[in-house]
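What follows is a single structure, written as structure tokens, with notes after it.
The chains referred to below are lettered A, B, ... by the order of the sequence lines, with proteins before strands, and numbering in each begins at 1. This one's a predicted model, so the numbers in the text were calculated from it and none came from an experiment. Quick note: numbers below take in every heavy atom, side chains included, and nothing from hydrogens, waters or symmetry partners.
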Protein chains: 2
Amino acid sequence: MDEKKSRIVAVAKEMIALYGFKKTTMDEIAAKARMGKSSMYYYFKNKEDIFAEIVRIDSDHFRKKLNDTIQSAYSPQDKIMQYVRTRMLHLKELSNYYKTLTNEYLDHYFFIEQVREDFYNFENKTLSDLINEGIQQNIFAPCDVDLVVHMIAIAIKGLEYPLFVQKELDLERDSKQMMEIIFKGIEVRA
Amino acid sequence: MDEKKSRIVAVAKEMIALYGFKKTTMDEIAAKARMGKSSMYYYFKNKEDIFAEIVRIDSDHFRKKLNDTIQSAYSPQDKIMQYVRTRMLHLKELSNYYKTLTNEYLDHYFFIEQVREDFYNFENKTLSDLINEGIQQNIFAPCDVDLVVHMIAIAIKGLEYPLFVQKELDLERDSKQMMEIIFKGIEVRA
DNA sequence: TTTCGACTAATTCAGTTTTTTGGTCTAATA
DNA sequence: TATTAGACCAAAAAACTGAATTAGTCGAAA
């Protein structure tokens, strides 16, 4: 059961990465997964459902990766810095993998919105926790945490920009610099 | 001569704002400008040329507006802050005015790229000058000016984001907060 | 120098047919 | 009972076609 499901997901993921969601047909997926088309409907409600599963799994991995990153860093600054760095690099990979997808991304599917919102909440909570941690350790000055998180989110959006306009920039360097500036803005002054 | 040219531009601008570039026909522009269609070809090379002129004029106005804004502020911080504020509000107006255009914006016309680059250079120089001014007045600590400008540009991109995703946020407040954080990062410490 | 009507090649558009596609149903299979 | 697949359908997309628009040209007139 699970083997079949993940086989379908794996095949679909591969093809969608290559050809995009619309251009990947159920017949093709079925053929490549070596099963009849209608068999797939035993495991998934419909085409979108398969895609939703792909996105869900990817999103889970992403979150785990980010949590690991945070745990292997020490200071709050480093945690946040590494969080942003990992986030940007992963996004870059992603936008590279799903190259054809970024175009039809505009016709956004409803479940993507859902995942996006979930991730937004995850990110918000994660960053809030880290800022609060920094404040408690007397590294960051007491401040409006939500506001700072919002500012970091805006900075991240700005850093994301080149990914969607095919501009080649040094993401890693830029992320680092940007976060350093923000840290200076919230650190306790000596 | 100039009167005719600007009449064509004015009419074209109005119609393009309403219907977009593609849906606005030369016949319609001619009719509304009260002249034969082919007469327009005496003043402009082609349809794109008219559009290019509109963009050029708008861009000039925008720059003047920004320069005025800078001149009517005092401290470097205030100048930069007001610059960003004006820039964001103007962009919001613009994206509102050319609402139908934002969609076909994707099929980007080459001359837009040109204007974009020109503006990028203008912005870079303007911000560099302001940062340098701040350093000379011993308000900002000596730093890598290009880098700081680049970071401000990234922050601006992040602030722009909601404009293109129809998200309603408080641009003015966010711009202010973001710039305050960046200032804290580069100001001379007491 | 400036204007315009007549013209054209190229593109767009509306309407139609043909093909493909997502999804269902039923009967067979293991 | 759980799973598979082949035949099938309605709906959507693609391909085609001829008519209508459109951007742009030209020569003659004002």
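In this structure, B:Asp27 places its CG atom 14 Å from P of C:dA6, rounding to the nearest Å. We find that NZ of B:Lys45 is positioned 15 Å from C1' of D:dT25, with the value rounded to whole Å. Between the NZ atom of B:Lys23 and the P atom of C:dC13 there is a distance of 7 Å, rounded to whole Å. Here D:dA5 presents its C1' atom at 17 Å from CD1 of A:Ile29, a figure rounded to the nearest Å. Between A:Lys4 atom NZ and D:dA2 atom C1' the separation is 10 Å, expressed in whole Å. Atom CD in B:Glu28 sits roughly 12 Å away from atom P in D:dT21 (whole-Å rounding). To the nearest angstrom, C1' of C:dT21 lies 12 Å from CZ of A:Phe21. Between A:Ile16 atom CD1 and C:dG22 atom C1' the separation is 14 Å, expressed in whole Å.
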When the side chains of residues 123-133 of chain B are checked against the rest of the protein, which donor-acceptor pairs come out under 3.5 Å, sequence neighbours left out?
residue  : atom : partner  : partner atom : Å
B:Glu123 : OE1  : B:Tyr83  : OH           : 2.6
B:Glu123 : OE1  : B:Arg87  : NE           : 2.5
B:Glu123 : OE2  : B:Arg87  : NE           : 3.4
B:Glu123 : OE2  : B:Arg87  : NH2          : 3.3
B:Lys125 : NZ   : B:Asp129 : OD2          : 2.8
B:Thr126 : OG1  : B:Phe122 : O            : 2.7
B:Ser128 : OG   : B:Asn124 : O            : 2.8
B:Asn132 : ND2  : B:Ser128 : O            : 3.3

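Residue contacts for A:Phe44: at a heavy-atom cut-off of 4.0 Å it reaches no nucleic acid atom on any strand shown.
OP1 or OP2 of D:dA5 lies within a sub-4.0 Å distance of a side-chain N or O belonging to A:Ser39. Using a 4.0 Å cut-off, some side-chain N or O of A:Tyr43 falls inside it from OP1 or OP2 of D:dT4.
Atom OH of A:Tyr97 is surrounded by more than 12 heavy atoms from other residues, nucleotides or ligands within 6.0 Å. More than 12 heavy-atom neighbours from other residues, nucleotides or ligands sit within 6.0 angstrom of NZ on A:Lys157.
Mapped onto DNA chain D by nearest heavy atom, A:Lys37 and A:Tyr42 fall at different nucleotides, with A:Tyr42 at the one closer to the 5' end.
Between the side chain of A:Ser38 and the base of D:dG6 there is at least one donor-acceptor pair of N/O atoms closer than 3.5 Å.
With salt bridges taken as basic N to acidic carboxylate O contacts below 4.0 Å, one links B:Arg7 and B:Glu3.
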